[in-house]
Amino acid sequence: MSTKGTQVVTRIAPSPTGLFHIGTARSALFNWLYARKHNGRFVVRIEDTDSTRSKKEYERDILEGLMWLGLAHDELVRQSERTTHYTDALDALIASGAAYVSKETAKNDTSRTVEVVRLRNAGKSITFTDEVRGDISFETQELGDFVIARSRTDPLYHLAVVVDDAQMGITHVIRGEDHISNTPRQILIQEALGLTRPVYAHLPLILAPDRSKLSKRKGAVSLSEYRAQGYLPEALVNYLALLGWNPGTEEEIFTISELVQRFSLSQVQKAGAVFDIEKLSWLQREHRDRLDQRTQFELFTSQLDEDSTIHQVFMRSPAAIRDVVERYATSGDFLQAVEQGEFSFYETRPTPTVEQLTWKKDPTPDNIKQRLQHIVNILTPLESFTQGAIKNALWSYAEKEGKGNVLWPMRVALSGKERSPDPFLLAEALGKEEALARISAAMVHL
RNA sequence: GGCCCUAUCGUCUAGCGGCUAGGACGUCGCCCUCUCACGGCGAAAACCCGGGUUCGAUUCCCGGUAGGGUCACCA
């Protein structure tokens, strides 16, 4: 289309009636990407004309979420502060006869009479070109003379949207597919007001695994939930971009600035896309692995109680944190594992049974005891008690005896678990004194 | 139900008349390995159905079916 000469202006228009929804976040992202791509402006418009449902805390959640994702806006407006613009438009519409005041009994309180404003609808057919779907036509006679304001001073959604989009110079309306049926109404109001029509692009919806609309019942829908779980904004941005859009190549990992370079409405998908937490997790790992080690460590330790044993273990053993980072996609996953006792060996000394200490290939208690004793003998004089040094000290012995025969009982003596990090890492993380004490304690029962 | 939108592996998708239908996530197998995890390699897995158009349809058209959205004095 020819937007020659006019600057691209896109917008996200959330209503603060709930926490920042993941679908709204994606619409925001697409609008932001499009604006940045075309050196345009991105505006945030808080649609709070419904004063009874709008809440300041939700507005804050939305704004914080946008900032966290890195979607900075060039302008921020609230519809509640622009009422005169809507009432002016309303007056003009009534004066020109395009709209009229209608005395009716109130919808909710039938004993009361109200004066709503309705648009005089000629009922013609409207066709608009959607950038992702092509031409879409509606017979607007089915809409009737729909209400555009509760009263002469109390404008409704469609009117406010049309007035704002025009006055703010919005060139591209990029929004969810659920708005398709709103478009003919808005075009009708636009035409009655003599305004120019913006370019429309309706994005496919984000679906729950059962292909229905994403809802609280079917998983996390608020951006803040993902944030709390420990997902990186880089991962979310990357994943949201891939839901309903593709670069036309086989690349999948993108930074937000790479997305700006490649984004195009012509590559937007038409069909709804199921939100797949597994793929998000994968992207989370990919982006996390691109962070420097210090940032990764902070990601996984910042939510830990500083006085907890596990926190102290991590402070003295980088290998222990590295292991955790490798194991879990998010800090939330890690915290949950801690709660389930996956890392109980860091908190309390285990008491493994003979059976647990026994490796399937050599189930002889005497041998196990002898080997554990040998391990203690080797480790006792060790100066540097790091994962590498410990492995170095024990390796030739382990190879001679059969690695499983040495490493399995050692690891179980240290962890008390069939599944755990390797014994060298455990020994380092536990510290020399505790590690030797655990191995010695295990021998007592053999 | 009316109107509107949509339809390629389980999922996200590439494809824009002729392809062994490609990639990714997930799944499975093998390797690595004391266990788990990581990593490496490999495999299974899709064109909703029926008519056209065409020498030839996953691709274009029509119909069906299925799914979704929307039908407020909410946004």
Query raised in the report: Where along nucleotides 70-75 of chain B does protein come under 4.0 Å, by heavy atom, of base (B) or sugar-phosphate alone (S), with - for untouched nucleotides?
Result: S--BBB
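- Rounded to an integer number of Å, the gap from A/Glu401 CD to B/rC34 C1' is 14 Å.
- Ion pairing between A/Glu177 and A/Arg133 holds under the 4.0 Å rule for side-chain N and carboxylate O.
- A gap of 27 Å separates the C1' atoms of B/rG63 and B/rC9, to the nearest Å.
- Residue-to-nucleotide contacts include no donor-acceptor pair under 3.5 Å from the side chain of A/Arg327 to the base of B/rC38.
- Counting only N and O atoms by type, the side chains of A/Ser264 and A/Ser266 include a donor and acceptor under 3.5 Å apart.
- If you check B/rU65 for Watson-Crick or wobble pairing at under 3.5 angstrom, you find it paired to B/rA7.
- For A/Tyr239 and B/rC25, the OH to P distance is 13 Å, given to the nearest whole Å.
- The pair A/Asp289-A/Arg285 does not meet the salt-bridge criterion, since no charged nitrogen lies less than 4.0 angstrom from a carboxylate oxygen.
- Looking at heavy-atom distances under 4.0 Å, A/Glu418 makes contact with a base.
- Only the C1' atoms considered, B/rA57 is 16 Å distant from B/rC48, to the nearest whole Å.
- When atom types are taken as modelled, the side chain of A/Asn121 and the backbone of A/Thr140 share a donor-acceptor pair closer than 3.5 angstrom.
- Rounded to a whole angstrom, the distance from the P atom of B/rC55 to that of B/rC49 is 24 Å.
- With both pairing distances under 3.5 Å, B/rG42 is matched to B/rC28 as a Watson-Crick or G-U wobble pair.
- B/rU11 and B/rA44 have their C1' atoms separated by 16 Å, given to the nearest Å.
- Among the atoms of the strands shown, only primed sugar atoms or phosphate atoms (P, OP1, OP2) are found under 4.0 Å from some heavy atom of A/Gly244.
- B/rC5 and B/rA46: their P atoms are spaced 31 Å apart (whole Å).
- Nearest to the side-chain atoms of A/Pro423 among the listed nucleotides B/rC12, B/rC34, B/rA7 stands B/rC34.
- Distance A/Leu372 CG to B/rC34 P: 17 Å, rounded to the nearest Å.
- Applying the Watson-Crick and G-U wobble criteria (two distances, each under 3.5 Å), B/rG1 pairs with B/rC71.
- Across all strands, A/Phe138 comes closer than 4.0 Å only to sugar-phosphate atoms, never to a base (heavy-atom distances).
- Here B/rU6 is the nucleotide among B/rG10, B/rU6, B/rA14 with the atom lying nearest to any side-chain atom of A/Arg133.
- No engagement by A/Ser54 is indicated, since no non-hydrogen atom pair under 4.0 Å with the nucleic acid exists.
- Set against B/rA24, B/rC36, B/rU6, the side chain of A/Glu252 has B/rA24 as its closest nucleotide.
- Residue A/Trp282 contributes atom CH2, which lies 16 Å from atom C1' of B/rU27 at whole-angstrom precision.
- For A/Lys279, whose side chain is taken as the heavy atoms from C-beta onward, the closest listed nucleotide among B/rC25, B/rC5, B/rA7 is B/rC25.
- B/rG23 and B/rA43 are spaced 16 Å apart, taking the C1' atom of each and rounding to whole Å.
- Within the shown strands, nothing qualifies as a pairing partner of B/rC47 under the Watson-Crick or G-U definition with both distances less than 3.5 Å.
- Rounded to whole angstrom, the span from the CG atom of A/Asp276 across to the C1' atom of B/rC12 amounts to 7 Å.
- Applying the ring pair (Phe, Tyr, Trp, His ring centres under 6.0 Å) criterion to A/Phe30, with sequence neighbours excluded, gives A/Phe263.
- A salt bridge links A/Arg294 with A/Glu298: at least one charged nitrogen is closer than 4.0 Å to a carboxylate oxygen.
- Side chain of A/Arg152 to main chain of A/Val101: no donor-acceptor pair is present (N/O by atom type, distance under 3.5 Å, no hydrogens or angles).
- Closest to the side chain of A/Ala273, from the set B/rC25, B/rU13, B/rC38, is B/rU13.
- B/rA24 and B/rA14: their C1' atoms are spaced 11 Å apart (whole Å).
- Using a cut-off of 4.0 Å between Lys/Arg side-chain N and Asp/Glu carboxylate O, A/Glu251 and A/Arg262 are scored as salt-bridged.
- In this entry the distance linking CD of A/Gln269 with C1' of B/rU6 reads 10 Å, nearest Å.
- Rounded to whole Å, the separation between the P atoms of B/rG64 and B/rU6 comes to 16 Å.
- Regarding A/Lys417, its NZ atom lies at a distance of 17 Å from the C1' atom of B/rC34, rounded to whole Å.
- Judged purely by distance below 3.5 Å, without hydrogens or angles, the side chains of A/Ser151 and A/Glu115 never pair a donor atom with an acceptor atom.
- Taking atom CZ of residue A/Arg211 and atom C1' of nucleotide B/rC5, one finds them 14 Å apart after rounding to whole Å.
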